[in-house]
Visitor: 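Here you go, one structure.
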Amino acid sequence: MVIFALFLIVAGIGFFCWLMFTLAVFALPFAGGLYAGLWALHTGAGVIGALIVGVMAGIATFTVGQIALACAPWIWLRGLIVLLYTVPAIIAGYSATHGLAEMMMPSVVWQLFFSVIGAIAVGITAFVRFTGMAPPEPANGSVVRV
């Protein structure tokens, strides 16, 4: 029974680390949904209404970014859109990793080292996930019509 409890503790910690990493990667849509849901809750929408508003705002934030990335005609504009979604993910990755590092090691230098590594990992993952979901550009710059 003790072995089973230890396994559940490790699985629970792993699940929350995965959840924190995923939320850090999608930091801008998550923050948009969170703030919209809190706004709806404080204006009297109730808990269910706030959840619906928050989820819809998060989905809308992500969808608007994907559409903007797909429709941007210039490469520098696409870079700005990707930067808009990636920088909050880097900040969230740094903060989440730093919070975990503070609990696990007393050395400030190592806390900073692992926080920067976590920020880089989350930033790369956010960049790959966000750019990987955008539709590819046509080969010669024009759309072929049949």
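Numbers here are sequence positions counted from 1.
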Visitor: Please tell me whether V128 and F30 are part of a single hydrophobic cluster in this structure, the criterion being side-chain heavy atoms less than 4.5 Å apart.
Guide: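 No; tracing contacts between hydrophobic side chains, which count when under 4.5 Å, never links both residues.
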
Visitor: Are I3 and F7 close enough that some pair of their side-chain heavy atoms sits under 4.5 Å apart?
Guide: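 No - every pair of side-chain heavy atoms lies 4.5 Å or more apart.
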
Visitor: Determine whether Y94 and I117 make a side-chain contact, defined as any pair of heavy atoms from C-beta on separated by less than 4.5 Å.
Guide: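 Of all side-chain heavy-atom pairs linking I117 with Y94, none is under 4.5 Å.
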
Visitor: If I compare all heavy atoms of M20 with all of A96, which pair ends up nearest, and what's the gap?
Guide: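 In terms of heavy atoms, the two residues are closest at SD-CB, 3.5 Å.
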
Visitor: Mind running ring-ring contact (aromatic ring centres under 6.0 Å, His included) on W18 and F21 for me, showing each step along the way?
Guide: CA-CA 5 Å; W18 169 82; F21 186 77; 9.4 Å; no

Visitor: Which is it for T97 and Q111 under the side chain to side chain contact (heavy atoms under 4.5 Å, CB included) test, yes or no, and what are the steps along the way?
Guide: CA-CA 8 Å; T97 310; Q111 290 173 6; over 6 Å; no

Visitor: Return the CD1 to CE distance between I59 and M56, rounded to the nearest 0.5 Å.
Guide: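 These two atoms lie 5.5 Å from each other.
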
Visitor: If the plane angle is over 60° it's perpendicular, under 30° parallel, otherwise tilted; pick one for F62 and F130.
Guide: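 The rings of F62 and F130 stand perpendicular, inter-plane angle above 60°.
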
Visitor: Should F114 and M104 be marked as a side chain to side chain contact (heavy atoms under 4.5 Å, CB included) after you check the CA-CA gap, both sets of side-chain angles, and the distance that decides it?
Guide: CA-CA 11 Å; F114 283 111; M104 295 184 184; over 6 Å; no

Visitor: For the residue pair A36 and V53, what are the closest heavy atoms and their distance?
Guide: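 Closest heavy-atom pair between A36 and V53: O-CG1, 3.7 Å.
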
Visitor: Quick one: are H98 and L112 in side-chain contact, heavy atoms under 4.5 Å?
Guide: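 SC-SC contact between H98 and L112 ruled out.
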
Visitor: Which atom pair, heavy atoms only, marks the closest approach of A121 to T125?
Guide: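 Here A121 and T125 meet closest at O-OG1, 2.8 Å.
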
Visitor: Do L23 and L34 land in one hydrophobic cluster if side-chain heavy atoms of ILVMFWY residues count as linked below 4.5 Å?
Guide: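 As far as the 4.5 Å side-chain criterion goes, L34 and L23 are connected within one cluster.
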
Visitor: Can you tell me how far CG of L80 sits from CD1 of I75, rounded to the nearest 0.5 angstrom?
Guide: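 The distance works out to 11.0 Å.
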
Visitor: Which heavy atom of A126 sits nearest a heavy atom of A89, and at what distance?
Guide: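 Closest heavy-atom pair between A126 and A89: CB-CB, 3.6 Å.
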
Visitor: Using the rule that Ile, Leu, Val, Met, Phe, Trp and Tyr join whenever any side-chain heavy atoms are under 4.5 Å apart, tell me whether L84 and V122 fall into a single cluster.
Guide: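 Linked within one cluster.
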
Visitor: How many angstroms lie between atom CG of L77 and atom SG of C71, to the nearest 0.5 angstrom?
Guide: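 With rounding to 0.5 Å, CG (L77) is 10.5 Å from SG (C71).
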
Visitor: So which heavy atom on A27 is nearest to which on A92, and how close?
Guide: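 Answer, listing the atom of A27 first, then A92: CB-CB, 4.0 Å.
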
Visitor: Is there side-chain contact between V82 and L69, with at least one heavy-atom pair below 4.5 Å?
Guide: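 Yes, close enough: below the 4.5 Å cut-off.
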
Visitor: If you look at every heavy atom in G33 and A57, which pair is closest and at what distance?
Guide: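 Looks like CA-CB, 4.1 Å.
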
Visitor: In terms of relative ring orientation, are W110 and F113 parallel, tilted or perpendicular, with 30° and 60° separating the classes?
Guide: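 W110 and F113: perpendicular rings.
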
Visitor: Quick one: do L83 and I91 end up in the same hydrophobic cluster if we chain Ile, Leu, Val, Met, Phe, Trp and Tyr together by side-chain heavy atoms under 4.5 Å apart?
Guide: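 Hydrophobic grouping puts L83 with I91.
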
Visitor: For W76 and I81, what are the C-alpha separation, side-chain angles and deciding distance, and is it a side chain to side chain contact (heavy atoms under 4.5 Å, CB included)?
Guide: CA-CA 9 Å; W76 62 267; I81 293 167; over 6 Å; no

Visitor: How about CE on M105, more than 12 heavy atoms from neighbouring residues, nucleotides or ligands closer than 6.0 Å, or not?
Guide: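 Yes, CE of M105 has more than 12 neighbouring heavy atoms, counting only those of other groups under 6.0 Å.
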
Visitor: Roughly how far apart are I90 CD1 and F127 CZ, rounded to 0.5 Å?
Guide: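 So the CD1 of I90 and the CZ of F127 are separated by 10.5 Å.
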
